[in-house]
Structures are given as C-alpha cells and as structure tokens.
Amino acid sequence: MPSPMDLLDGLNPQQRLAVTAPPGPILVLAGPGSGKTRVLTHRVAYLIRELGVPASQIMAVTFTNKAARAMRARLEALVGPASGRDSVSLGTFHALCARMLRREAEHLPFRRDFVIFDDADQLSLMRQALKEMNLDPKQIPPGKVQALISRAKNELIEPEDFAASSYIGEVAKRAYQRYQQLLLQNNALDFDDLLLFAVRLLRDHDEVRLAYRRRFPHLLIDEFQDTNTVQYQWLRLLAGDPPDLYAVGDADQSIYRWRGADVRNVRRFQEDYPHAQVFLLEQNYRSTQTILDAAMGVIDRAPGRQRKRLFTDRGHGELVSIHEAYDEADEAQYVVETLVEGAHAGAWSPADVAIMYRTNAQSRVLEEAFLRHNLPYRLVGAQRFYGRREVKDLLAYLRLALNPSDQVSLLRVLNTPPRGLGAKTIETLLALADQKRIRAADILQDLSGRDSVFRAAFGTRPASALADFGQRLIAWRALAASAPVGTLLEAILRDVRYREFIDDGTEEGEDRWANVEELINLAQEDPELGLEVLLENVALVSDQDTLAEDQNATTLLTLHSAKGLEFPVVFIVGLDDGLLPHQRSYDDPEAMAEERRLFYVGLTRAMDRLFLVRAFRRHAAGGSSLAEPSRFLSDLPADRIQGDAPTRLTRAQAVYERQTRWEGSTPTPLEARYRAGMRVRHRSFGEGMVLESRLSDGEEELTVQFEVGGLKWLAASMANLEILEG
DNA sequence: GCATCGGATTTTTTT
DNA sequence: AATCCGATGC
C-alpha cells in the first residue's frame, strides 16, 4: 500500500485543495481535460485513507457504467482491492436506483423481481394504452406521447399534476395514467421510473430516507451539469445533515438538456447549500494550446456565458485542419486516407483516432469506407447488440421466465417462432385474462393441465399450442429458480427450436445466430450471476459501456457518447448547418446553444490533432441536398486553422471546381440543358454561373451563383434562363 | 394463420 | 434508405 501523502502526488495545487477539502457541500467546476475524474477518484481515496471513512459509506454516481468500472479500478490502485462488504457503491443513477428499489420493494407497488422496460418495450406498452383508449396511432404518435410522459417523469410530475395544455397533452395525461397501470401490471418499470420511484421512496418514507442517509453519509457525483430534476432531488434527499455532497461538473459541457438535464442545477446547488465550497480546475492536461484556442473560440460565443480561459503547458502543436469534401462518401474517403497517411508516417496508430459525428446515421458511410480499406474500427452505440431482434427475443423469454407478469415479453415470444397463434387467439387470451383478473401467463400454465376450464375458449389447435407453451413456461420458471442462466437459455433455445427459426442459411441468418451465441457466452461467462442481475445489467448498459478497450481499432462514435473520453487524434465530420447545429435546434436558442456546447465537447476530446470535415452535398432520406458550412466553423480563430475553411465566397469557387471534377467523371444526362460552369442570365437575378445541374423526377434542378442575386436553387423549366456561354 | 407487398414514417442526441 | 406497420391475398 502506498504511503499516505503520495495520494496527492501528481496533483496540482488546485486539485489538491479540491481533494482535501473538509467534508460538506462541495462543487468542483472543472474545464475539459482538467483532471475531473482524477480529482473525484482521489477524493474517494482521501475519504477512506485520510479521514478513515469506511468504503461502504461512500456512494459515487457516474455517468456510465464504464466510468464506474474505470473509477473502481483506479480506486483499487489507490486504496487497495475492495474487500467483500467494504466497498464503495458505484454506478449510474439508474443502476443505483434500481438496486435501491429492489432492496426496498416492500414499500413499493411492484415486486422485487421487476423488469426494466427499454424504449421498445415502452413503446409497445404505450401502443397498447392508446389502443385501449381508441386513439388512432396516426393521429396520436405513441412515440410523442411517450416522450411527453418521459419529460414529465424527469420533472417529477405525477399523472394528476400533468398539465394538459393541448389536445395531445390532454391525451398524454390520460395515457400517462393508463401506461403507468400497465407497467405495474407487468411488474415492470421504465428508465424514468427507476429514478421517480426512488425519489418517492425517499421522500415518503422517513425511516428509509434516514436509513440511507446513515448508510451513505458520503455522496459524490460526476458530470453534475447533466443531472435532471429527479436526479437532483434524489441527491438532495439522500444527502444527510450535515451533507457531504461532492459534485463535479462543467456547465460548458452540458449536452443532455433534451433528456431533462438542467444546468441550472449547478446554480441551484449553490442556493440550496449557500456554504458550499467551490473549487475551479482550470489547467488543461489534455490538449495542445491550439486546440484549446479553437475550442474557446467556439464556446466563448455561447450566449450568457462567462468567459473562461483554458490553458495548458503542452505547447501549441499543430494547427486544426479543416476540409470540405464533396459528399459524405468523399468525406469518409478523406477521413480514411488521412488516417492511413498519418499511420504510415508514424504520426499515430489507428487506435489513437476517433471519428465523431452528430447522428448515428452518419456512421454508415464511415463504416463502409473502413471495410473497403480493411481497417479495423469499433462502433459505439448505433444498432446496439441488445437491440437486435434475436437478442431481444431471447431476453424476452428470459424475462418471462423470471417474471410471468411481463405481458409485453409474453406477447413478443408467444408466437416467435411461429406456432400457429394468431391475432384472434391472442385477443381471446387477453380478454380472458382481463375478465378473470389473472395473468395471461397463468392461463397458459393452467391450460397445460389435464382438464383446464380455459380450453373451451379456444379452438382445438390453438388450445394445444397454448397449452404446450404453458408447459414449457412452467419448466423454464423452475429452471430460472434453480439453474444457472446458461442452462435456462439453452433449454429455451432447444425447446422452441430457435436456431432453426433464425438461422436460415443466409449470411444474415448466420449473423443472427452468432449474436445468439454471443448472448450464450455472456450468460455463461459468470455462472454466479443471477437471472435478475443479468437482465438488469443488460437493460442498463449504455452504448459507451460496450466500448472495448483493446485492439488496434479506430473508434467511431457520436459526439454525445464522446463525452468524458479523450483521443490523441479526433476527426469531427458533418460540420454542416442542419447537422451540427442540427436542424431541429434552429428555432430554439437554448437548443442552439446546446449544439454549440456539443461541438465544444467534441473539440476538447482531442489531445494532439484535430480534423474538422464537412461535405458540400449530403444525401438524406432519399434525395440529396446542398449544405451550408456549419455556422460554428466561422467561430474558429483564423490563425489556428489550416486547409480550405469554407466561407461563402470561397465556397462558390470550391463548388465550381468540384462540379467540373465530378460532372466530368459522370457525364451529364442527355436531358439536362445546363451544365456546371455555364454562364446564364435570369430575368430578375441577372447574370450568374451554373454550379450544379441535377435531374430528378424529370425536372432539372439548378444551383446558380448570381453575381447580384446570390446563390439560388432553380427549376430549369420555370427559371427561363438564357445561356450566355458554356 | 401466414407471407408478401406497398406505404408510411423516420433521425438527434441516450440511461 | 431502411425498417416497421398494416392491408391484402392465399
């Protein structure tokens, strides 16, 4: 074990002060790369080693499970391995709340073995609720209602208090109640419920709250700027008296407003705890000064923000590179080529590089480029493993075996693989269950008996199919209670002949079966792991958690999931207005400010090299369109960037160059009357140059740069252009 | 009851 | 562009 004071070795004076502050409400405001996580970890070690706090009295909230694991590992290096009972409680809000709710289930309207519904399950349940209310899913999109309810839950708003200010709000209010009933009937909670019920529990049960306060007198929270109302209330309820609440965050990196996160919690913290000690960590240890200057150029333009200086002693390093590509394929091509060049030159290895984008959809083209060049990559998020159909099927079987009340899972698997049970039969089954006030699963199990009273309700064939399923279910439940998860899973696979169903010999079928095998491995990895815990882990893993450390692979990830990470080399692609900032943020200044912060988060992930890329043309939802360069690009200090910084003026020239280049390789279709480079005259816009001609649906669409009129998109048949030369 | 086809709808970000 | 949903036909 290291000697006492080396706990502070390698910490700068600011960090030391923050780590050794006397317990109480403490706010550490820290810029990117300033050693936030390090301070947090050392703080925990300090409590244990210097103040003699038992590890089991400490609870620390991290943003991802991966961050929790990383912190545990770093902690072990500082205080030695956690011994049995005496370990720090570490996890995400959701994981910690789930644990709390299971322990305290007796106080709550659901059972200890509740399951956690993911968004697909939630949507399915919401559809059911709306259907019961005789609402047309086309008029009332279940997803919208679900979003409204989720937002309400994050704001701690109960169904009764839901403000129904619009028609959809009115619907949502009623749907909220029904949806909540259905969840309880399923013995299920959605993500938001984990937090909501935990807050209710602590709020309404004094003895529970006091017990938890005694149990965890020391609370720490990372990424505090991204807490929402429920999470903040949870912290407040849990914080004892006097509170030892240690919050670390950076308002400039708040990027989850849409999920209910409220940066104002930072200010609220200081109001709620007027004596809170505040520490600022300013020195950056991650990036070159050039990168920091670029990032400051962007964030300083954020409205209503105090200017903050980011500095490093790492030196200036290389300029930030900016590149404008033709379209997203060209963009991906540029990224891959630059990546390979650098790797060959020994400037970096592919594993040092991360490629970031605003939307998951953008990863596809990049993946293709990587595959084409035979380059290894790892993709964070997107189509997550647990989201795959076959995996969801099997998880539904497992959930059903654990919790027969889970009707959503039952309905998912009842006829998967097909066993002759159609809509009619299922309708009868549900009606019967409703009428007798028992669970559908109970009817199935009863049907498997010799002479069930329920048999009469069904036709002969459906009845025996249902009975067969019921019999299996009984067997699976027995296994769930007695055997390791792997055994149960294998029994299910065998019983329902799942492989025959999923693996049809095609490549896709093989892929799907491979996923199943991966799930089997996961289940067998830790035979001690109970079904309950496995399902909970699966429900609460985040995209980042799936990111394996190993390999020599480049990382592809969204800007959101890049939070908290760092890479020697960062590419940010898709720097177009409409993508970053995203179009959906145009009419909301707050949303626009968040887009800016998101860009800032991306920029500050880079240690040594930063490449910013955009595409002149972008394909989306069928057609293609021309994009303006991201407005944020013009906020980068000119003396910190190199390459073809796209301004409107140079853009017109770039467009012309590119057009001639690309149109040259793909001959203009015969029907087109205009070509890029032609000079034309328009009745009102005057003279200009055709930048692009594109045929779609028999119409010729033109992009023309007019000398007086500016850049215009025209339909050739309407525009009546006079060709001057070309 | 099941398969196939066409159409609508989606994509912003995630625990 | 891809997936999911529903309607239609067998």
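Hydrogens, waters and symmetry mates are skipped; everything else that's a heavy atom, side chains included, is used. Every chain is numbered from 1, with letters handed out A, B, ... down the list of sequences.
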What protein N or O atoms touch nucleotides 2-4 of chain C N or O atoms at under 3.5 angstrom, if any, and at what distances?
from, atom 1, to, atom 2, distance (Å)
C/dA2, OP1, A/Arg364, NH2, 3.4

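Cation-pi check for A/Arg200 over A/Phe197 is met; the charged atom lies under 6.0 angstrom from the ring centroid and within 45 degrees of its normal.
Between the side-chain ring of A/Tyr256 and the base of B/dT14, no stacking contact exists by the 5.5 Å and 30° definition.
Atom CG in A/Leu96 sits about 12 Å away from atom C1' in B/dT15, given to the nearest Å. Distance A/Asn65 CG to B/dT15 C1': 9 Å, rounded to the nearest Å. Spacing between atom CG of A/Leu195 and atom C1' of B/dT14 amounts to 13 Å, rounded to whole angstrom units. We find that CH2 of A/Trp234 is positioned 17 Å from P of B/dT15, with the value rounded to whole Å. Atom pair A/Gln122:CD and B/dT15:P shows a separation of 13 Å (rounding to whole Å applied). The interatomic distance linking A/Arg259 (CZ) with B/dT13 (C1') rounds to 9 Å, in whole Å. Note: CD (A/Glu536) to P (B/dT15) measures 15 Å, nearest angstrom. Separating the NE2 atom of A/His582 from the C1' atom of B/dT10 is a distance of 11 Å, rounded to the nearest angstrom.
Listed nucleotides B/dT13, B/dC2, B/dT11 differ in distance to A/Arg584; the shortest reach to its side chain belongs to B/dT11. With B/dC2, B/dT15, B/dT13 as the choices, the nucleotide that has an atom nearest any side-chain atom of A/Thr92 turns out to be B/dT15. In the set B/dT11, B/dG1, B/dT14, the nucleotide with an atom closest to the side chain of A/Ala361 is B/dT11.
The aromatic rings of A/Tyr326 and A/Phe616 sit tilted, their planes meeting at an angle between 30° and 60°.
Close to B/dG1, at under 4.0 Å from its OP1 or OP2, lies a side-chain N or O of A/Thr425. Between A/Thr558 and the phosphate of B/dT14, there is a side-chain N or O to OP1/OP2 separation shorter than 4.0 Å. Residue A/Asn360 has a polar side-chain atom (N or O) positioned under 4.0 Å from OP1 or OP2 of B/dT13. Considering only side-chain N and O atoms, A/Asn228 lies nowhere under 4.0 angstrom from the phosphate OP1 or OP2 of B/dT15.
Separating the C1' atom of B/dT11 from that of C/dG6 is a span of 22 Å, rounded to the nearest Å.
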message = What verdict does the side-chain hydrogen bond (donor to acceptor under 3.5 Å, both in side chains) test give for A/Glu155 and A/Asn228, after you've listed the backbone C-alpha separation in whole Å, the side-chain angles of each residue and the deciding distance to 0.1 Å?
response = CA-CA 7 Å; A/Glu155 293 294 320; A/Asn228 60 32; over 6 Å; no
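With respect to A/Lys153 and A/Asp193, a salt bridge is recorded, a charged nitrogen being found less than 4.0 Å from a carboxylate O. Taking the charged nitrogens against the carboxylate oxygens, A/Lys392 and A/Asp121 do have a contact shorter than 4.0 Å, which makes a salt bridge. The pair A/Arg614-A/Glu331 does not meet the salt-bridge criterion, since no charged nitrogen lies less than 4.0 angstrom from a carboxylate oxygen.
Residue contacts for A/Ser585: at a heavy-atom cut-off of 4.0 Å it reaches no nucleic acid atom on any strand shown. Among the heavy atoms of the strands lying under 4.0 Å from A/Asn415 are primed sugar atoms or P, OP1, OP2 only; no base atom is included.
Residues A/Phe191 and A/Phe117 keep their aromatic ring centres 6.0 Å or farther apart.
Each of A/Lys424 and A/Leu598 lies near DNA chain B, and the nucleotide nearest A/Lys424 is the one positioned closer to the 5' end.
Each of A/Arg102, A/Arg112, A/Arg399 was compared with A/Glu536 under the salt bridge (charged side-chain N to carboxylate O under 4.0 Å, His left out) criterion, and only A/Arg102 meets it.
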